[in-house]
Chemist: 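Structure in structure tokens, see below.
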Amino acid sequence: MPRFDSHLIDTLTARGFLHQCTDLEALDRLAAAGPVTGYIGFDCTADSLHVGSLVQIMILRWMQLTGHKPVVLIGGGTTRVGDPSGKDESRQLLSDDQIAHNMAGIRRVFDSFLTFGDGPTDAVMVNNADWLDQLAYIPFLRDFGPHFTINRMLTFDSVRLRLDREQPMTFLEFNYMILQAYDFLALNRRLGCRLQMGGSDQWGNIVNGVELARRVDRAELFGLTSPLITTASGAKMGKSASGAVWLTPDRLSAYDYWQFWRNTEDADVGRFLRLFTELPLDEVARLEALTGAGINEAKKRLATEATTLAHGAEAARAAAETAQRTFEAGERAEGLPTVEVAAETLAAGVALIDLLVDAGFAASRGAARRLIRGGGARVNDHAVTDEAATVTAAELTDEQVIKISAGKKRHALVRLAPHEWGPGGTPWSGVSGGDPP
């Protein structure tokens, strides 16, 4: 039996998305009565989003799937200020051109997860620069400044933690929470938006917006936050050993994305299936109960379902097949990440530590050395323990590739750069002799 009257709140709670809500019972009644318009904001600090934003993206997706209207707020205005939440120092200020570039990249992420249009439950994307850029400073302060007290603003984590650590906070950053509160008011006036959602670190900012709208417009708005998602070992979501796990293929291949989910810790599989896939909860329970080798099947299902949402079914299928051929059948696969090396360079020998860094298996040459020392590095499936080892053209296989590996699950191919090949598929100087024309 559903615990809540609305499909939206019942789904969010059952799948683990709900952390706090300003008035859960009233929001449940509102969502049961008809479509609710709700939003989440994303600042333009990079030209893509990574897995750390995926909980919020999935909440917007579930809003739409349960009959409500999601709004994606792109922070073209607030990015100029910088959100101090969770930061020990000020964010780097970006130029207007950088913000515009990043905004265009972020738009692509949501095309995979939401359906945009003009219908009652179609998603819309808005830019808060549309109203923030029009504000006159003194009138804004007079109209909205009296609704915020310095005393209370100093109690919010985004401010208090910075001050406790004796890290400076600029007056520019201090204004961020007022601007975010105004965003909620503006969206309520423009789009009838009644709900703001975000991560648990945004609770104070969201409550500010709820209270501002009540005081200024006597509007009843709602706030809802999701829990901070960490792995079972305590690591923060969104990062891997080789860097951020981005959601667009120009920043991270579908194969690497699939592998990220395939490498999920055993203890996280059930939780991540609920959060990051749309599988029915009874199927999640079945997969979560698998033990021994069976847990690997659950991980593959998680990887394929999550990759389908971000990259499409065809890319997910290809990634799964590539992994199966590489890890289970022992074949070389075209879908693996690739490092291209000039023929002359490979003939002379390339340091294995450099290839491990280029392949994303190590964040630095020092980390690559530690990987080799720990017995985790392989070339063509043979363990390498010499930190000074080089890889040369002699290691090229019949397929003209060299397979390098970090551990048992992470693999890449070293290839000759395309322009280094001659007629008939033979490589140029350093491999078969002769110079390119």
Side-chain angles (χ1 to χ4, degrees), residues 12-19 50-55 57-58 199-200 226-247 252-311 316-317 319-330 333 335-337 360-363 367 370-371 374-378 381 383 405-412:
L12 294 183
T13 53
R15 302 190 78 98
F17 288 103
L18 182 63
H19 179 60
H50 58 61
V51 166
S53 297
L54 192 53
V55 166
I57 295 171
M58 289 301 294
S200 58
S226 59
L228 174 66
I229 304 299
T230 58
T231 65
S233 60
K236 188 175 180 180
M237 284 292 291
K239 299 287 185 180
S240 69
S242 58
V245 183
W246 298 99
L247 299 177
L252 187 75
S253 71
Y255 175 82
D256 285 335
Y257 191 76
W258 192 95
Q259 279 296 323
F260 168 77
W261 295 107
R262 171 63 180 83
N263 293 331
T264 295
E265 297 176 40
D266 291 1
D268 288 326
V269 172
R271 183 165 58 113
F272 286 2
L273 282 166
R274 282 186 286 274
L275 289 169
F276 302 117
T277 80
E278 295 172 4
L279 288 177
L281 292 178
D282 56 353
E283 175 66 1
V284 172
R286 184 191 72 80
L287 292 168
E288 189 176 19
L290 296 175
T291 58
I295 196 67
N296 290 325
E297 294 306 312
K299 291 181 182 181
K300 293 174 189 175
R301 188 73 180 278
L302 167 63
T304 299
E305 296 290 333
T307 304
T308 296
L309 288 175
H311 293 274
R317 182 195 60 76
E321 289 182 356
T322 296
Q324 192 276 334
R325 292 198 306 269
T326 304
F327 306 136
E328 298 174 18
L336 289 175
F361 296 158
R370 290 191 293 273
L371 178 65
R378 292 177 178 270
D381 296 323
S405 308
K408 297 179 180 180
K409 298 180 180 179
R410 304 174 65 204
H411 309 273

Chemist: Identify the two heavy atoms, one from A14 and one from R274, that lie closest to each other, and give their separation to 0.1 Å.
Modeler: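 So the two residues come closest at O-CD, 3.9 Å.
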Chemist: In the structure I gave you, are the side-chain heavy atoms of D266 and K299 within less than 4.5 Å of one another anywhere?
Modeler: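 Yes, their side chains come closer than 4.5 Å.
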Chemist: Take W261 and T307 through the test side-chain hydrogen bond (donor to acceptor under 3.5 Å, both in side chains) and record every step on the way to the result.
Modeler: CA-CA 8 Å; W261 295 107; T307 304; 5.2 Å; no
Chemist: Quick one: does L275's side chain get under 4.5 Å of M58's, heavy atoms only?
Modeler: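 With C-beta onward as the side chain, the pair stays apart.
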Chemist: For residues H311 and L252, report the shortest heavy-atom separation together with the two atoms involved.
Modeler: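 Residues H311 and L252, closest heavy atoms: CE1-O, 3.9 Å.
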Chemist: In chain order, what residues pass the salt bridge (Lys or Arg N to Asp or Glu O under 4.0 Å) check against R378, with sequence neighbours excluded?
Modeler: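 Result, salt bridge (Lys or Arg N to Asp or Glu O under 4.0 Å) vs R378: none returned.
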Chemist: When rounded to the nearest 0.5 angstrom, what is the spacing between CD in E288 and CG in L281?
Modeler: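 With rounding to 0.5 Å, CD (E288) is 10.0 Å from CG (L281).
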Chemist: State, to 0.1 Å, how close A244 and H50 come at their nearest heavy-atom pair, and which atoms those are.
Modeler: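 The pair with the smallest heavy-atom distance is CB-CD2, 4.2 Å.
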Chemist: Is it the case that the side chain of S405 and the backbone of G407 share a donor-acceptor pair, with hydrogens and angles ignored and the cut-off at 3.5 Å?
Modeler: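 Checking the backbone N and O of G407 against the side chain of S405, no donor-acceptor pair under 3.5 Å is found.
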Chemist: How about Y257 and W246: are their ring centroids closer than 6.0 Å?
Modeler: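 No, too far apart.
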Chemist: Grab the two heavy atoms, one from L273 and one from T277, that are nearest each other, plus how far apart they are.
Modeler: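 Closest approach of L273 to T277: O-OG1, 2.6 Å.
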Chemist: Scan L309, I57, V55, T264 and name whichever one has a side-chain contact (heavy atoms from CB on, under 4.5 Å) with F276.
Modeler: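 Single pass found, and it is V55.
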Chemist: The criterion is salt bridge (Lys or Arg N to Asp or Glu O under 4.0 Å); which residues satisfy it with R15, sequence neighbours excluded?
Modeler: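 Residues passing salt bridge (Lys or Arg N to Asp or Glu O under 4.0 Å) with R15: none at all.
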Chemist: Kindly indicate, with the supporting measurements, whether the criterion side-chain contact (heavy atoms from CB on, under 4.5 Å) is fulfilled by R271 and I229.
Modeler: CA-CA 10 Å; R271 183 165 58 113; I229 304 299; 3.9 Å; yes
Chemist: Do you know which two heavy atoms are closest between A323 and W258, and how far apart they sit?
Modeler: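 In this case the closest contact between A323 and W258 is CB-CZ3, 3.4 Å.
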Chemist: Is there a donor-acceptor pair under 3.5 Å between the side chain of D268 and the backbone N or O of T231?
Modeler: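 Side chain of D268 to backbone of T231: no pair is present.
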Chemist: Would you check, one step at a time, whether the test side-chain contact (heavy atoms from CB on, under 4.5 Å) holds for Q324 with K300?
Modeler: CA-CA 10 Å; Q324 192 276 334; K300 293 174 189 175; over 6 Å; no
Chemist: Can you tell whether the side chains of E297 and R301 come within less than 4.0 Å, N to carboxylate O?
Modeler: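 Result for this pair is no, no salt bridge flagged.
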Chemist: Do L287 and L290 pass the side-chain contact (heavy atoms from CB on, under 4.5 Å) test, and can you show the C-alpha distance, the side-chain angles, and the key distance before you say yes or no?
Modeler: CA-CA 5 Å; L287 292 168; L290 296 175; 4.0 Å; yes
Chemist: How close do S200 and P227 get, heavy atom to heavy atom, and via which atoms?
Modeler: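 Between these two residues, the closest heavy atoms are OG-C, 4.3 Å.
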Chemist: Working note: T291 + I295, criterion side-chain contact (heavy atoms from CB on, under 4.5 Å); need CA distance, chi angles, decisive distance, verdict.
Modeler: CA-CA 5 Å; T291 58; I295 196 67; over 6 Å; no
Chemist: Quick one: pull up NE2 in H411 and OG1 in T322 and give me the separation to the nearest 0.5 Å.
Modeler: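 Between atom NE2 of H411 and atom OG1 of T322 there are 12.0 Å.
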Chemist: Please enumerate all residues that pass side-chain contact (heavy atoms from CB on, under 4.5 Å) together with T230, with sequence neighbours excluded.
Modeler: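 Partners of T230 by the side-chain contact (heavy atoms from CB on, under 4.5 Å) criterion, ordered by chain and then number, come out as L228.
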